[in-house]
There are 2 protein chains.
Amino acid sequence: MKTHPLNPLDISWTQVESRDTPMHVAGLMPFTVPDGASPDFLRDLVADLRAAREFMPPWNYCLRGPGLMHPRPVWVEQESVDLEYHVRHSALPRPGGERELGQLVARLHSQPLDLTRPPWEFHLIEGLEGGRFAIYLKMHHSLIDGISGVRLLTKCMAEDPGKSLTLPPFWSPSLEKRARKERPAPTPLTLDGVLQTVMSAVGSQVRSAPQLVKAFTSMVTPGESDPALQLPFDAPKSVMNGRVRGQRRVATQLFALDRLKSVARDCDCTLNDVVLAICGGGLRRFLLEEGLLPDKPLTAGIPVSVRPADDEGTGTQVTFIIGTLGTDIEDPRERIDAVASSTRAAKAHFRKLPSEAITQYTMLLMAPSILGMLTPIAGRTRPMFNVTVSNVPGPTRPLYFRGARMEASYPISLISHGIGLNITCQSYADVLAFAFVGCRDTLPHLQNVAVYTADALAELEASLAKPRAPRPARKKSPAKKARSRKATGTKAGKAGAQRPASRKPPARPRKARPAAKAKRRGK
Amino acid sequence: MKTHPLNPLDISWTQVESRDTPMHVAGLMPFTVPDGASPDFLRDLVADLRAAREFMPPWNYCLRGPGLMHPRPVWVEQESVDLEYHVRHSALPRPGGERELGQLVARLHSQPLDLTRPPWEFHLIEGLEGGRFAIYLKMHHSLIDGISGVRLLTKCMAEDPGKSLTLPPFWSPSLEKRARKERPAPTPLTLDGVLQTVMSAVGSQVRSAPQLVKAFTSMVTPGESDPALQLPFDAPKSVMNGRVRGQRRVATQLFALDRLKSVARDCDCTLNDVVLAICGGGLRRFLLEEGLLPDKPLTAGIPVSVRPADDEGTGTQVTFIIGTLGTDIEDPRERIDAVASSTRAAKAHFRKLPSEAITQYTMLLMAPSILGMLTPIAGRTRPMFNVTVSNVPGPTRPLYFRGARMEASYPISLISHGIGLNITCQSYADVLAFAFVGCRDTLPHLQNVAVYTADALAELEASLAKPRAPRPARKKSPAKKARSRKATGTKAGKAGAQRPASRKPPARPRKARPAAKAKRRGK
């Protein structure tokens, strides 16, 4: 049997695994059943998927060691996989709406994987409203990151419904020959994508989680005076940043990409800024209702790619910036401006650094989350940022699986002590699918964050449809702007003295809004 | 908040809990939906069950300690219980048959309970064939034994369908006032019922699992010469008696009580003997097919109650006997005779002993299974018996829950290292419901054991319908008989020399069978 050693980062995921912090990631993909499908469509599908007798990596990888046989953890390729165990046919109770799907997925996502078997589970869920079904694929983070997992699946789908009918099961080796030619996958823009980059940069000196912790700890010892190492934001304590327990909540939200792009154009910012701004808007309302909104703005850890100052080619480097979520700002337009300024400032700062400094800086910024995952101090100290928000590009054209059209792909990530909320979104065809994952006990109304994020987008669109007071000059220094933001934050907004409250319907003519919206939709 | 210390036995269950041996028990109860029930019947039911805001023990018990706050483990009564977490609405995929139900229940039974919360889960499963539904109630063994759990539920049901409509949720304190007057519950005839008795007999000297292990170990040191302490059977090694892993299989089987009682009458034995004999028949065929049938007969550990020799009143004592399952015998009639002889001999032996000796003897017989649960040597030594078979009396009249008739109550127990198969059955109204629980990896075709157990009953009935060679005199000493059985066991049967093979249809007139069966059914 072939064995493959785990890389140090993947070893970490197995070491951090615990009842409270299971280290698996998942993708949730709803499908529209093809017209005229037999009532046994799903049953036949399950039977067919279970019929495979040959397996290709990583589906047949089993974790072994450390122990006598394998002093270091390895993946052992198994000859056979118990598909009756790994391929699971589930169903939703009536009426099979978002609520029922959310509850089932939250339960499935709370259950740790059996690490004595290939660490993945493939659930085919029937009973979604309108005769639809969903795939929920769960994989241990040491085996694969969530993005690559979804990529694995979409690789076995086709843009042509007809062609999709004859594809072999995902784990079948015959698939490899069929795989569409693709550019080598870029490092995924997720927290662990960044980690991966950093780990390969520090290279052989760090070969295990304890060494990693040591390296990071030495970098965050107080007393350093290099201003480049100063932290751009000082995150407030929040309900999301304590210890987490083992049960999860999962909420989802789906947006038309066009809507978000249109807002980005109107606000002269990136799509990612729009994502951050509406997440900030959703979190603000959520925390206000719970009476838990900190005075200082929540910050987000955001994986981005930048071009280092010493790079003369087209190379970019994956890193990690910390941006404001503008939760201290009531006005949606002001909020997105604050978000865009902070991400612009952070990226500009990175662009001035040579490649090596970027790596060091990244390690420093990530230290708390690394410590958060790997050590018991996590969730007991002040957080360096509050929420992870990742935006991952997905397939750009509609994909079909056995004739069924994939509707979206929700990337359900993991949380850990100190980072009790993860927001990841993935684009696909003309939609952007958000998955919110939180600790069941600290975020009992997580569903509202998803609902309010959609409301925040609507509010932002509405505010864009209104004429606006003269915009601040774009040339204003971002750093200055961030400071001036603080001076006119929540409290002023609440008092209603310096800025009109925008959560109430505007007093201006309402007709302007639908018209403007329709115009944007038509774009 | 009120606290209640755990008794030593219950502490043991929490100490033994592991990923491979989760210590929970469950009841599975299918129901027939009342005529004219709304399509929202189950949804409304879930909403209603979740609406409770007050809770009575044990539903609000939460395990705490040992730690600084509670040096010894205690139950802490919680004011509120997160019913959205504990009351779960699930569904079966189409067609919702035994197969789909079995797969879901096996998965649910493989998942450990979250011991940071009240350790129970109540699943309402919709989508059973014919518009039926099922309750699957899982509780940690430290909180309650499975039998008492089902008793807790049935207490909240009514013999009158109309009256059952207005009963409050199971966990509601208002239920206590309504509870039907019942005799104090007898010690349940299960392995842990026996354990409980033994533990209270040894009393205060043994207050923890390690002490218990010590006490047992000292009793099984070799070299003892008291013939009363000799072990009646020496179990063969079998596939069921190794280490177990964390995943479970569950199979069920339902019999009309009349059929079993009629066989017991015809064979002049107890109902429990019939249970053992058909389990033995099922296991024999199963192990033959797998090529794993030991030459020596498998033995069963059977909880029974006996009257001690020094008891002058009506008192009985719960103990534990080991009987043959007759898996070495091909002929069903011969098998049940062997089973009945061995249980008669074991009980007769106990009846000669004074109460104290029974306790000591029980401890000795149970030592291996205790060790099996509490120490790492389990599953690595020769087993003292192979399978636990418990037969538990349940409600004698049909019960209704919100107008829905309970069809049966399957007691799904636990397995542990060294005892990788548990068979428990429970009577209810006119049926006897069997649940077989095994380790997924060592018993991949557990479902067959259930199927073959039903076949074994049919074979036994068929053999009873035939005229028979002169029966051995009942007066023959049971011990002698057991010995003579060995001489004419499997091998002879296989060779076909001394006894005609009875697995093939008999050469005698077939018409005799249906007639005889019909007659028995009419009884």
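Everything quoted here is computed from the prediction, not taken from an experiment.
- Of the atoms belonging to B/Pro112, heavy atoms from both backbone and side chain fall under 4.5 Å from chain A.
- In this structure, the side chains of B/His89 and A/Glu100 stay at 4.5 Å or more apart for every pair of heavy atoms.
- Listed options A/Leu42, A/Leu124, A/Asp40 were ranked by heavy-atom pairs under 4.5 angstrom with chain B; first place goes to A/Asp40.
- Only the backbone of B/Leu92 comes within less than 4.5 Å of a heavy atom of chain A; no side-chain atom from C-beta onward does.
- Although no hydrogens or angles enter the test, the distance criterion places a donor-acceptor pair under 3.5 Å between the side chain of A/Arg245 and the main chain of B/Thr116.
- In this structure, chain A has a heavy atom under 4.5 Å from the side chain of B/Gln103, while its backbone stays farther away.
- Between atom OH of residue B/Tyr85 and atom CZ of residue A/Arg440 there is a gap of 7.5 Å, rounded to the nearest 0.5 Å.
- Other residues, nucleotides and ligands place no more than 12 heavy atoms under 6.0 Å from the CD atom of B/Glu54.
- Taking all atoms of both residues into account, the shortest heavy-atom contact from A/Pro93 to B/Ala91 is N-CB, 3.5 Å.
- Of the two parts of A/Arg94, the backbone and the side chain both hold a non-hydrogen atom closer than 4.5 Å to a non-hydrogen atom of chain B.
- In this structure, the side chains of A/Arg107 and B/Gln111 stay at 4.5 Å or more apart for every pair of heavy atoms.
- Note on B/Arg19 versus A/Asp114: no salt bridge recorded, every NZ/NE/NH1/NH2 to OD/OE distance being 4.0 Å or above.
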